[in-house]
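Structure first, then comments.
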There are 2 protein chains.
Amino acid sequence: MNHDSRLSGVLHVLLHMAEHDGPVTSEMLARAMNTNAAVVRRTLAGLRERGFVRSEKGHGGGWRLGRDLAAITLADVYDSLGRPSLFAIGHRDADPACLVEQAVNVHLDGVLREAEALLLARLRAVTLADLSAEFHARFSARPGARSLESSHGGPSRP
Amino acid sequence: MNHDSRLSGVLHVLLHMAEHDGPVTSEMLARAMNTNAAVVRRTLAGLRERGFVRSEKGHGGGWRLGRDLAAITLADVYDSLGRPSLFAIGHRDADPACLVEQAVNVHLDGVLREAEALLLARLRAVTLADLSAEFHARFSARPGARSLESSHGGPSRP
DNA sequence: GTTCATGTAGCAACAATAGCTACATGATAT
DNA sequence: ATATCATGTAGCTATTGTTGCTACATGAAC
């Protein structure tokens, strides 16, 4: 497992949801992501609890956005996933007796905390509306019909 | 997922090396880190290739620093470890056909690249001499004899 | 030549996401 | 009512990487 791609995956399905009229089933979202419906339900569970998406059972059920695109930041999504670890590196021992290791931790943790603060600030500054604008710009500038066919990313009502 | 602690571990043993007169065996370093001698040799291999440490076999052998503390940055050590992944999160697909996923990647990768640049700049700015100064400050300010006994971090010649 | 220490190779353990199946729950259509 | 559809969840396996360990070859010093 190279890394945690849940944030990336959730953003992907949220934008697909936004492009689709009416609810979208886990099965449809899973096809768009080349993954499994159960994975979609599992990763969207946290967002449902916080009201960013709503789900309905039964005929005509599925997922839809619970808020406007501009009212959901990447940090909101990240938080909804349970704030998974951002970094693949870190210290061995959080509270070592060894003074040498303490000195190492002080500097290394400081560097990581700085990077984390920057990252979270950036996640707070970007909304789903920004990602959607990026997508629509790409859609308008697409090279030809082929990319529309080969991709599942076309808006449902251009 | 702060799983990869090699950078932290290597910095730890390098400072111990600096505090010790003469070569230090993998066994001694392993005891200081609560790990195994083979792990020490494995993780120090990259640093040896780049001349940051030297190793000698046989009687009286072991490891010693190959350069002055001030001439080794945290980035040097990080590079010597093979530049392992810094982040635990990332995108699912590096080059997706889906325009939506492309839009997600553009923003997410941008954020991560910014954080990575900051991180690497900080690693370049900190030297082992800085960590050593931090350690000696902590050693001078230690609360009592207890911390000297319970820790393996005391300088060999105070 | 014996001892000590590095240099590697190789394997099991562990942790986390990811993918999948299976089944219960609930809502809608007929 | 009942069949159907979709979510909600539990539980298993696969994958990928570090970590810890053993075993053994290589080389240096006594």
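Throughout, protein chains are lettered first and strands after them, A, B, ... in sequence-line order, and every chain is numbered starting at 1.
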Length of the line joining [X]:[atom1] and [N]:[atom2], which is rounded to integer Å:
X	N	atom1	atom2	answer
A/Leu47	D/dG8	CG	P	12 Å
A/Arg92	D/dG20	CZ	P	5 Å
A/Met33	C/dA18	CE	C1'	10 Å
A/Asn34	C/dT17	CG	P	21 Å
A/Arg48	C/dG26	CZ	C1'	13 Å
A/Asn36	D/dG8	CG	P	15 Å
A/Glu27	D/dC5	CD	P	12 Å
A/Phe87	C/dA15	CZ	P	23 Å

Checklist entry - Salt bridge check: are A/Arg113 and A/Asp109 linked by an N-O gap of less than 4.0 Å? => result no
Indicate whether OP1 or OP2 belonging to [N] is found under 4.0 Å from a side-chain N or O atom of [X].
X	N	answer
B/Ser26	C/dA5	no
B/Thr25	C/dT6	no
A/Ser5	C/dA18	yes
A/Ser55	D/dG8	yes

Checklist entry - Which pairs pass side chain to side chain donor-acceptor pair (under 3.5 Å) with one or both residues in residues 115-134 of chain A, sequence neighbours excluded? => result A/Arg122-B/Glu114, A/Thr127-A/Asp130, A/Glu134-A/Arg138
Checklist outcome for this item: Grouping ILVMFWY residues whenever side-chain heavy atoms fall under 4.5 Å, the cluster of A/Leu118 otherwise contains B/Leu118
Item to check | D/dG20 base / B/Arg42 side chain donor-acceptor hit below 3.5 Å | outcome: yes
Checklist entry - Ignoring hydrogens and angles, does a donor from either the side chain of B/Arg6 or the base of D/dG17 sit under 3.5 Å from an acceptor on the other? => result no
Next on the checklist: What's the closest nucleotide to the side chain of B/Arg41 if the choices are C/dG10, C/dA18, C/dT6?
Outcome noted: C/dT6
Checklist entry - Is it true that A/Leu120 and A/Leu112 fall in one hydrophobic cluster, defined by side-chain heavy atoms closer than 4.5 Å? => result yes
Checklist entry - Do B/Glu19 and B/His136 have a side chain donor and acceptor closer than 3.5 Å? => result yes
Item to check | Validation row: A/Thr73, A/Val126 side chains within 4.5 angstrom (heavy atoms) | outcome: no
Checklist entry - A/Thr25 side chain to A/Met28 main-chain N or O, any donor-acceptor pair under 3.5 Å? => result yes
Checklist outcome for this item: Residues of residues 56-67 of chain B with a heavy atom under 4.0 Å from any atom of DNA chain D, listed by number, are B/Lys57, B/Gly58, B/His59
